[in-house]
Amino acid sequence: MSRPDGISGDRYNVKETEARWQKAWEEKRCFEAEIVPGKPKYYVLEMFPYPSGRIHMGHVRNYTLGDVVARYKRAKGFNVLHPMGWDAFGLPAENAAIQNNVHPAKWTRENIAAMREQLKSMGLSYDWRREVATCEPEYYRHEQKMFLDFLKAGLVYRKESWVNWDPVENTVLANEQVIEGRGWRSGALVEKRLLSQWFLKITHYAQDLLDSLATLERWPERVRLMQENWIGRSEGARLMFDLSGRTDKLEIFTTRPDTLFGAKFVAIAANHPLAAELAAGNPALAEFVAECNRMGTSEAAIETAEKKGFDTGLKAVHPFDPAWTLPIYVANFVLMDYGSGAIFGCPAHDQRDLDFANKYGLGWTQVVEPATDKDAVLGAIAKGEAYTGDGKAINSKFLDGLAVDEAKAEAIRRIEEMGRGERTINYRLRDWGVSRQRYWGCPIPVIHCEACGTVPVPVEQLPVVLPEDVSFDKPGNPLDHHPTWKHVDCPCCGKPARRETDTFDTFFESSWYFARYTSPDRDDVAFDRQAADYWMSVDQYIGGIEHAVLHLLYSRFFTRALKDCGYLGVKEPFAGLLTQGMICHETFKSEDGAWLYPTEVIPGPDGKLVHADSGAPVTGGRSEKMSKSKKNVVDPAGIIDGYGADTARLFMLSDSPPERDLDWTEAGIDGAWRYVNRLWRMVATAELPAAGTPMPDLSPETVKVRRLLHRTIAQVGEDLERFHFNKAVARIREMTNGLGELSVGDAGAAWVLREGLEATARLIGPMMPHLAEEMWQALGGSGLLAQAAWPDADPALLVEDSVTVAIQVNGKLRATIELPKDADAALAEQTALAQPQVISAMSGKPARKVVVVPNRIVNVVV
RNA sequence: GCCCCAGUGGCGGAAUGGUAGACGCGGCAGACUCAAAAUCUGUUGCCGGCAACGGCGUGCUGGUUCGAGUCCGGCCUGGGGCACCA
């Protein structure tokens, strides 16, 4: 099929039409939201984009989904807030500055302007007055104030912490930026470094963040589970081991106090204070500790690392037996920031402990016996496998005979009785380190003074504005190199002091933007309390699954912290969440495994794929997520330019449910384009009675179409409520097919056709808003469809007077019969048994039982 | 290793435990056309049959039920999340 050229003959003129309606919506201010007391509100939000310069297909899908919801809810009578903005701080802007010698601010603002135009061409129903860009002081000044309030509330602290340090770039790297132990950009070996960093106390809310997941009923189960795992609550005990020949004690954390009698060693992390102390007098140990610290914290580094330990020579005393001592090792598999950075090892019932014990010849003692196969543990350990299952305690004195859970409780009771420790809950979740040695971020509003220590910037001096006169010619943080910016006087003592040159992690900005939209014009406060109380929480949030943990968890934390500081009245930011799937597209690879663009591939003489230039064989790979590296990206701009926004939007909605991955295909977009034209042609060519003509007599066929029409109206509404957009599209197409079958020249049919086309325009309004307006206007509808109400189905037409009932014999379908609706069971049974196919299938045997499900099915059992 | 999700025509996908395959894509046949595109009509799960019709079909396997794509048990395959977390 030929590509549309925009303007030609009897074709729908996409470009002109879409631009015209976008202008009309803007002039009539259709999407500007104001507080209307008493009117039910609906806040729909899509995750705001990073301004990379161009929108991609993922954006098109995300914003189409949100726009359908926004327009539908508006038509249903809700006061809808639907804003858009820019997550504008971040590393790509700095990279562009270094590579192209353009200032991050200029690069970002130009990208925003370009992307705003692209989004506007999609016809999205945003209240553009509320647009925010997080890189502007008008935005970030408020988060500096929040930080100071969090500081006052005890939710912020500064701590020395081990980080991934890139010695070439002179900055901290996130775990994701460490690839095979090297900096992702410099390629330098990453080191662990102890650095002073700002932390937000997300762990303060760990239990509430976990418990409240149960209240998020409109979140996908999957996301709730991921957050639950991420928070990672585990119940156990903290206990103190005495150290032989010393007066201090060593604290360990365990979830298996029931296995204490199986202990063979104690291990501490390489960066445990005790390790540092012992290393000071032991060069070999010092070298071992240094080796552990050189090891990256990336996943790859961990996976390849072998368990290693160093015997410190120090002994720990068993808490239940003063005569029993255990060797203390420094071990590379013990993490300083989980529990207390120290463990006891029970080789028989923990895999890591067994691996370690086998390597250093520490032995093992079985202390749990499985209920069945009592020799299983010996066999497993002989194969190098620890037994971690259930059973009864053995070789454990006062615990003997108790089940694992009972033994845990009893061991803790004894420990608490002896004053050696207590029951405790430990979380995997760690406090959020927010310091970044980066330029393009929000300055952290504190000043370091030699005399006064760390001093918050006084509120009246906010915002601390990011200086724009910086250079990127040296590695490291440009703020640190700036000649004057960091030199300030201490707000306390007035003596020369130094500004904090670190900036916030960019997740900081995205943790509260949803609340800023409620009153973006307020300069004095982050948000107007009344506006926030009216609009929050977000009723429906839509975005990619990749943010299931970090962004969504940080936002949940932030909202709690803001509530506790009096900013907000709610603690959950997002009442409903829809996570959309990725956009995939076919890929091609050459013989040597290099990715190829689809345009480089043509069918060869024998039908197999070959390279267009060289004729070399090409393999068509499977459909994968669109990415530049795989060369399978389709630019939405070209699609919108050629087919129009409505076609792109329809395609995004019609083929797959929103949470599943969507395959981009040329055929699919062509199909959507054909349907757009078909609808337009139907309206343009139909001979219809004038609007408001009374309904003439209808033929039975016409009544049938009219029933279909009203059933569709009812079902599409239900589908949209449940975000079953693909089903809604299918039903509307089904109805279009029905309208196409109406006979021409019949007054009743023409009347139903008008009713049907009007309904179609309204039903497609949320999905294909431009075409819908065009149809609405052609049909003589009053005002803008964008402001019209959702249609109601006539309940009388939803009730069928006859139904098709399936007849089964022994569960196999043999016939279908028409029966009056709600016919009684006796009639259904009698009619069913009289069917020739039923009689033949029963082959003369009597019916043993007849199951009648009214209006559905009759099953004859012989 | 632990946790979760998904397997339905050639493809994307529909089916409150009740007629499997709605709707779309693709294919095939036809109409219109000098021809093509566009458009329209018919057909399209597989096997057998001219047909009426019959048989088989939702990853495999066992079960519950009058009836299972749907519920339960065991397995296989694919995808995702977490992970030296004590």
Side-chain angles (χ1 to χ4, degrees), chain A residues 1-2 4 8-11 220-230 232 234 236 252-256 259 267 269 299 302-303 305-307 331-335 337-346 349-353 355-356 385 388 426-430 545-546 548-549 623 650-651 654-657 659-663 665-672 674-675 677-678 681 724 726-737 740 804-817 837 840-841 847-862:
Chain A
M1 107 164 244
S2 74
S8 72
D10 59 347
R11 284 275 185 75
E221 184 62 33
R222 190 154 78 108
V223 175
R224 288 192 274 171
L225 265 162
M226 280 162 73
Q227 292 214 351
E228 194 179 316
N229 290 338
W230 187 267
S234 61
I252 66 104
F253 173 74
T254 179
T255 56
R256 292 297 301 272
T259 64
E299 210 171 305
I302 288 164
E303 261 173 25
E306 178 190 355
K307 285 183 185 49
N332 65 350
F333 69 93
V334 179
L335 305 173
D337 42 14
Y338 185 80
S340 59
I343 61 157
F344 80 83
C346 173
H349 305 291
D350 182 282
Q351 191 58 50
R352 286 156 311 174
D353 295 348
D355 294 345
F356 191 80
E385 290 165 21
T388 54
N426 203 42
Y427 299 92
R428 206 192 71 99
L429 182 71
R430 293 171 209 169
I545 185 75
E546 65 273 20
V549 176
S623 188
L650 176 62
F651 177 69
S654 58
D655 265 20
S656 296
E659 57 282 354
R660 228 180 281 185
D661 286 353
L662 175 70
D663 240 334
T665 60
E666 279 290 315
I669 199 81
D670 279 344
R674 271 203 295 268
Y675 183 61
N677 278 283
R678 185 179 171 201
R681 227 180 304 113
H724 293 175
N726 56 325
K727 283 158 69 179
V729 170
R731 291 193 210 284
I732 296 171
R733 294 185 89 129
E734 209 172 353
M735 184 178 87
T736 308
N737 293 342
T804 309
V805 172
I807 314 298
Q808 299 180 332
V809 177
N810 288 342
K812 266 189 200 300
L813 180 74
R814 293 297 168 182
T816 59
I817 55 173
Q837 303 97 313
S840 119
R848 280 197 292 136
K849 183 173 174 185
V850 180
V851 181
V852 179
V853 182
N855 300 325
R856 285 235 170 239
I857 205 161
V858 177
N859 190 15
V860 181
V861 188
V862 294

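All chains are named by letter (A, B, ...) in the order of the sequence lines, taking the proteins before the strands, and each is independently numbered beginning at 1. Everything quoted here is computed from the prediction, not taken from an experiment.
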Sort out the partner of C66(B) for me: Watson-Crick or G-U wobble, both distances under 3.5 Å, none otherwise. G18(B)

If each of Arg428(A) and Thr816(A) is mapped to the nucleotide of RNA chain B with the nearest heavy atom, which maps nearer the 5' terminus, i.e. the 5' end? Thr816(A)

Polar side-chain contact Lys849(A)-C66(B) base: donor and acceptor under 3.5 Å: no

Pairwise N/O distances under 3.5 Å, protein to nucleotides 55-58 of chain B:
from	atom 1	to	atom 2	distance (Å)
G55(B)	OP2	Arg814(A)	NH1	3.4
C56(B)	OP2	Lys812(A)	NZ	3.3

Length of the CD-P vector between Glu228(A) and G81(B), whole Å: 18 Å

Any side-chain heavy-atom pair of Ile807(A) and Ile817(A) under 4.5 Å: yes

Once hydrogens and angles are ignored, does a donor-acceptor distance under 3.5 Å link the base of C82(B) to the side chain of Asn229(A)? no

Please walk me through it: do Phe333(A) and Asp355(A) pass side-chain contact (heavy atoms from CB on, under 4.5 Å)? CA-CA 11 Å; Phe333(A) 69 93; Asp355(A) 294 345; over 6 Å; no

Given that both distances must come in under 3.5 Å, which nucleotide forms a Watson-Crick or G-U wobble pair with C82(B)? G1(B)

Given that both distances must come in under 3.5 Å, which nucleotide forms a Watson-Crick or G-U wobble pair with A29(B)? U41(B)

For Gln837(A) and Gln808(A), take the nucleotide of RNA chain B holding the closest heavy atom to each; which residue's nucleotide lies nearer the 5' end? Gln808(A)

Write down the distance between NZ (Lys307(A)) and C1' (C85(B)), rounded to a whole number of angstrom. 13 Å

Ignoring hydrogens and geometry, is there a side-chain-to-backbone donor-acceptor pair from Asn426(A) to Ser234(A) under 3.5 Å? no

When all nucleic acid strands are considered with a 4.0 Å heavy-atom cut-off, which category describes Arg222(A): base, sugar-phosphate, or nothing? sugar-phosphate

Going by heavy atoms in the side chains, are Val861(A) and Asn810(A) under 4.5 Å from each other? yes

Can you tell me how far C1' of A6(B) sits from CD1 of Ile545(A), to the nearest Å? 14 Å

One should read off an interatomic distance between Gln808(A) CD and Leu813(A) CG, to the nearest 0.5 angstrom, of 6.5 Å

Can you tell me how far OG1 of Thr816(A) sits from CD1 of Ile857(A), rounded to the nearest 0.5 angstrom? 11.0 Å

Rounding to an integer number of Å, can you tell me how far Leu813(A) CG sits from A20(B) P? 5 Å

Report which part of the nucleic acid Val334(A) touches: base, sugar-phosphate, or nothing (heavy-atom distance under 4.0 Å, all strands). base

Report yes if at least one side-chain N or O of Arg352(A) is closer than 4.0 Å to OP1 or OP2 of C85(B); otherwise report no. yes

Between A68(B) and G73(B), how many Å separate the two C1' atoms, rounded to a whole number? 15 Å

Whether Asp350(A) and Arg256(A) form a salt bridge (side-chain N of Lys/Arg under 4.0 Å from carboxylate O of Asp/Glu) is what I want to check. no

Taking pairing as Watson-Crick or G-U wobble with both contacts under 3.5 Å, can you name the mate of C60(B), or confirm there isn't one? G74(B)

Give the rounded distance in Å between these two atoms: CG of Asn810(A) and P of U19(B). 17 Å

Taking only the side-chain heavy atoms of Arg660(A) (C-beta and beyond), determine which of A14(B), A86(B), C84(B) contains the nearest atom. A14(B)

Write out a two-atom table: protein N or O, nucleotide N or O from nucleotides 21-24 of chain B, distance below 3.5 Å.
from	atom 1	to	atom 2	distance (Å)
A22(B)	O2'	Glu734(A)	OE2	3.2
G24(B)	OP1	Asn737(A)	ND2	3.3

Rounded to whole Å, CZ of Phe333(A) lies from C1' of A83(B) at a distance of 15 Å

Strictly distance-based, threshold 3.5 Å: is any side-chain N or O of Gln227(A) a donor or acceptor partner for the main-chain N or O of Ala548(A)? yes

Provide the distance between the two P atoms, one in G45(B) and one in C23(B), to the nearest whole Å. 12 Å

Checking all strands, does Thr665(A) fall into the base, sugar-phosphate, or nothing category for heavy-atom contacts under 4.0 angstrom? nothing

How about Asp353(A) and Phe344(A): do any of their side-chain heavy atoms sit closer than 4.5 Å? no

Which whole number of Å gives the distance between the P atom of C3(B) and that of G74(B)? 12 Å

Neighbour count >12 (heavy atoms, 6.0 Å) for atom CZ, Arg222(A): no

From C-beta outward on Val853(A), which listed nucleotide comes closest to its side chain: C84(B), A14(B), G18(B)? G18(B)

Given the P atoms of C4(B) and U8(B), what is the spacing between them in whole Å? 22 Å

What form does the base of G9(B) take, syn (within 90° of 0) or anti? syn

Any strand: nucleotide that pairs with C23(B) via Watson-Crick or wobble, under 3.5 Å: G12(B)

Whole angstroms only, please: what is the CD1-P distance between Ile807(A) and U19(B)? 12 Å

Using a heavy-atom cut-off of under 4.0 Å over every strand shown, decide if Leu225(A) touches base, sugar-phosphate, or nothing. sugar-phosphate

Please report, rounded to the nearest Å, how far the C1' atom of A38(B) is from the CG atom of Asp670(A). 12 Å

Pairing residues for Arg224(A) by the salt bridge (charged side-chain N to carboxylate O under 4.0 Å, His left out) criterion, not counting sequence neighbours: Glu221(A)

Between A22(B) and C71(B), how far apart are the P atoms? Round to whole Å, please. 22 Å

Could you tell me whether Val861(A) contacts a base, only the sugar-phosphate backbone, or nothing, with contacts defined as non-hydrogen atoms closer than 4.0 Å? sugar-phosphate

Both distances below 3.5 Å, Watson-Crick or wobble geometry, any strand: find the nucleotide opposite G49(B). none

If we take the P atom in both C72(B) and G18(B), what is their distance in whole Å? 15 Å

Classify the nucleic acid contact of Arg848(A) as base, sugar-phosphate or nothing, counting any heavy atom under 4.0 Å across all strands shown. nothing

Please report the closest heavy-atom contact between Asp661(A) and Ser656(A), naming both atoms and the distance. O-OG, 3.8 Å

